[in-house]
J.: 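Shown below is the structure under consideration.
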Amino acid sequence: MVVTKKMLANYLGIHRNSVAPYFNDYLEDSGSKRYLLLSDVAKVDGVSLDYVREKMGAI
């Protein structure tokens with residue numbers, strides 16, 4: 001599933017207007033150029049995919 005900026009803001013616990021730099025950092029760290037996936041966030045943070053899904057509200 002593709003991660004939106006709103007979903008990433010929910011995951012990080014910050015307001016969605018200030019999530020852009022974090023989103024770009026996750027894209028860079030995951031090696032992706034365009035799309036950020038749930039699995040990319042889990043891999044970068046070193047947590048389980050189920051944890052990321054739960055925190056982002058993607059269940």
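Given the structure is predicted, the values throughout are model-derived calculations rather than measurements.
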J.: Given side chains that start at C-beta, do those of K43 and D29 come closer than 4.5 Å, heavy atoms only?
T.: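 With C-beta onward as the side chain, the pair stays apart.
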J.: Check whether any side-chain heavy atom of M1 lies under 4.5 Å from a side-chain heavy atom of L38, and answer yes or no.
T.: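 Yes; the side chains approach each other to less than 4.5 Å.
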J.: Tell me every residue that passes side chain to side chain donor-acceptor pair (under 3.5 Å) with D45, counting only those two or more places apart in sequence or in another chain.
T.: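 With sequence neighbours excluded, D45 shows a side chain to side chain donor-acceptor pair (under 3.5 Å) to Y11, Y26, given in chain and number order.
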J.: To the nearest 0.5 Å, what is the distance between CD on E54 and CG on L49?
T.: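 Result: 12.0 Å between the selected atoms.
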J.: Is there a side-chain contact between L8 and K5 (heavy atoms, below 4.5 Å)?
T.: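 No, too far: nothing below the 4.5 Å cut-off.
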J.: Measuring only between side-chain heavy atoms, which start at C-beta, is N10 closer than 4.5 Å to K55?
T.: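 Heavy-atom side-chain distance check fails, nothing below 4.5 Å.
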J.: Just to verify, what does L37 make a side chain to side chain contact (heavy atoms under 4.5 Å, CB included) with, not counting sequence neighbours?
T.: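 Per chain and number, L37 pairs via side chain to side chain contact (heavy atoms under 4.5 Å, CB included) with V2, S39, D40.
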J.: So, taking the atom named NZ in K6 and the one named CE in M56, what distance separates them when rounded to the nearest 0.5 Å?
T.: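 It comes to 13.5 Å.
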J.: Work out which heavy atom in L36 is nearest to a heavy atom in S30; give both atom names and the distance.
T.: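 Closest pair (atom of L36, atom of S30, distance): CD1-OG, 4.0 Å.
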J.: Closest approach of F23 and V3, non-hydrogen atoms and distance?
T.: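 That would be CE1-O, 3.6 Å.
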J.: At what distance, to the nearest 0.5 angstrom, does CE of M7 lie from CZ of R16?
T.: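 CZ of R16 is found 14.0 Å from CE of M7.
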